[in-house]
Amino acid sequence: MSPAGSTTGSGSAAAKNKYSVLLPTYNERENLPLITWLLVKTFTENDIDFEIIVIDDNSPDGTLEVAKQLQKLYGADRIVLRPRAGKLGLGTAYVHGIKNATGNFIIIMDADMSHHPKFIPEFIQKQQQGDYDIITGSRYINGGGVHGWDLRRKLTSRVANYIADILLRPGVSDLTGSFRLYKKHVLTNIIEATVSKGYVFQMEMMIRARQFGYSVEEVPITFVDRVFGESKLGADEVVGYLKGLMTLFVSV
């Protein structure tokens with residue numbers, strides 16, 4: 001998708017930007033310290049103003065306690081804790097995070113190390129090149145890829161994106177991805193219009209972006225299967241994805 005407005009330019013304007021990373025967590029006590037360290041390292045080395053908002057849904061493994069230790073280490077201005085009483089869904093986690101975000105840009109990513117923070121400076125550079133509303137990471141454009149998946153997972157993802165592209169014409173190559181950079185007000189508007197749950201949620205957000213005329217660009221990323229813990233993708237999620245896909249097809 002091409003940008004709707006004119007390009008930005010000045011480095012002084014870029015220096016005023018602040019990036020809020022939303023990290024919804026559930027049973028990520030082993031991954032959270034690693035992803036946090038990498039985020040802090042990336043932002044600090046690139047002189048980028050940031051905050052990391054951890055939205056933990058009452059993880060039984062003690063993720064919140066780990067997050068509290070990270071807050072003591074890095075400071076409450078950098079690590080913001082906004083826990084919730086239980087698993088209330090990804091969409092409401094984002095809403096909760098946005099309400100507490102002080103940045104004018106929002107980065108959404110997985111806390112399980114599937115998305116490496118090293119790509120964030122590339123997201124920011126691409127966004128500034130055209131004042132784009134959304135930058136989304138793609139596994140399926142030149143330079144992107146997947147590591148750690150077996151053939152079944154790769155085929156499932158490819159087929160899911162292929163079907164969605166045929167039915168919905170989203171204008172992006174990786175509709176099911178969840179590593180993205182948004183202008184804060186853009187993400188707020190999209191989430192308010194999004195009704196899907198589960199894995200379809202990320203897909204609908206891109207469809208709504210197209211519907212509202214927001215500009216979207218892609219950056220190639222390498223997706224790596226989670227370091228610790230088990231994938232939350234199962235048969236129920238696949239069925240839910242297909243149902244959600246058909247719902248979007250007839251309603252959007």
Side-chain angles (χ1 to χ4, degrees), residues 19-40 50-74 76 78-101 106-117 120 136-137 139 146-149 153 156-157 160 176-182 187 190-191 194-205 221 223-241 243-244:
Y19 297 85
S20 300
V21 180
L22 304 188
L23 284 184
T25 59
Y26 189 77
N27 289 345
E28 298 290 358
R29 66 170 290 129
E30 294 174 302
N31 290 313
L32 187 60
L34 293 173
I35 192 67
T36 300
W37 179 78
L38 285 170
L39 281 165
V40 172
F50 74 97
E51 64 183 359
I52 301 168
I53 302 177
V54 181
I55 308 117
D56 186 65
D57 279 359
N58 197 26
S59 299
D61 74 341
T63 298
L64 182 58
E65 294 306 312
V66 172
K68 289 177 179 178
Q69 294 301 312
L70 292 170
Q71 187 181 61
K72 290 179 182 179
L73 178 63
Y74 296 111
R78 296 302 190 189
I79 310 298
V80 181
L81 307 183
R82 292 295 181 264
R84 304 193 296 173
K87 294 188 71 173
L88 303 174
L90 187 61
T92 58
Y94 288 153
V95 171
H96 190 58
I98 291 170
K99 288 179 179 178
N100 292 279
I106 304 291
I107 295 169
I108 63 171
M109 61 189 302
D110 294 343
D112 62 6
M113 296 293 293
S114 297
H115 301 139
H116 200 295
I120 290 176
T136 182
R139 297 162 287 184
V146 175
H147 290 291
W149 278 4
R153 282 291 301 274
T156 299
S157 179
T176 57
S178 55
F179 191 6
R180 296 172 184 160
L181 166 67
Y182 291 86
L187 180 57
I190 289 175
I191 286 181
T194 301
V195 298
S196 300
K197 307 294 182 183
Y199 288 89
V200 184
F201 180 81
Q202 300 285 6
M203 180 172 67
E204 184 179 349
M205 289 209 295
I221 63 166
F223 178 96
V224 180
D225 201 15
R226 62 167 41 248
V227 177
F228 297 109
E230 297 181 357
S231 171
K232 300 176 179 70
L233 176 65
D236 290 343
E237 285 73 20
V238 173
V239 172
Y241 172 84
K243 289 181 178 178

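Note: hydrogens, waters and symmetry copies are ignored here, and every other heavy atom, side chains too, is used.
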Picking from I35, L38, I221, what satisfies side chain to side chain contact (heavy atoms under 4.5 Å, CB included) with H116?
-> L38
Taking the side chain as C-beta and beyond, is there a heavy-atom pair between R180 and Q202 under 4.5 Å?
-> yes
On a heavy-atom basis, the closest approach of V54 and A67 is CG1-CB, 4.3 Å
First locate atom CG of D56, then atom CG of N27, and finally report the distance between them rounded to the nearest 0.5 Å.
-> 8.0 Å
Should D112 and E28 count as side-chain neighbours, where that means a heavy-atom distance under 4.5 Å?
-> yes
Does a side-chain heavy-atom distance below 4.5 Å link P117 with M109?
-> yes
Would you call the rings of H115 and F179 parallel, tilted or perpendicular, where under 30° means parallel and over 60° means perpendicular?
-> parallel
Chi angles and distances behind the side chain to side chain contact (heavy atoms under 4.5 Å, CB included) call for I55, R84 = CA-CA 7 Å; I55 308 117; R84 304 193 296 173; 3.8 Å; yes
Are any side-chain N or O atoms of T63 and backbone N or O atoms of S59, one a donor and one an acceptor, separated by less than 3.5 Å?
-> no
Start with the C-alpha gap between L39 and L23, add the side-chain angles, then the distance that decides, and say whether side chain to side chain contact (heavy atoms under 4.5 Å, CB included) holds.
-> CA-CA 11 Å; L39 281 165; L23 284 184; 4.1 Å; yes
Can you check whether P83 reaches N58 side chain to side chain, under 4.5 Å on heavy atoms?
-> no
Please check if the side chain of D57 supplies one atom and the backbone of Y26 the other of a donor-acceptor pair under 3.5 Å.
-> no
State, to 0.1 Å, how close I53 and A101 come at their nearest heavy-atom pair, and which atoms those are.
-> CD1-CA, 3.6 Å
Please test F50 against V21 for side chain to side chain contact (heavy atoms under 4.5 Å, CB included), starting from the C-alpha separation and ending with a verdict.
-> CA-CA 8 Å; F50 74 97; V21 180; 5.7 Å; no
Tell me, do Q69 and P33 make a side-chain contact under 4.5 Å, heavy atoms counted?
-> no
Please name the residue in the list L70, I107, I79, L22 that meets the side chain to side chain contact (heavy atoms under 4.5 Å, CB included) test with I52.
-> I79
M205/L187 under side chain to side chain contact (heavy atoms under 4.5 Å, CB included): CA gap, chis, key distance, verdict | CA-CA 9 Å; M205 289 209 295; L187 180 57; 4.0 Å; yes
Quick one: are Y182 and I108 in side-chain contact, heavy atoms under 4.5 Å?
-> yes
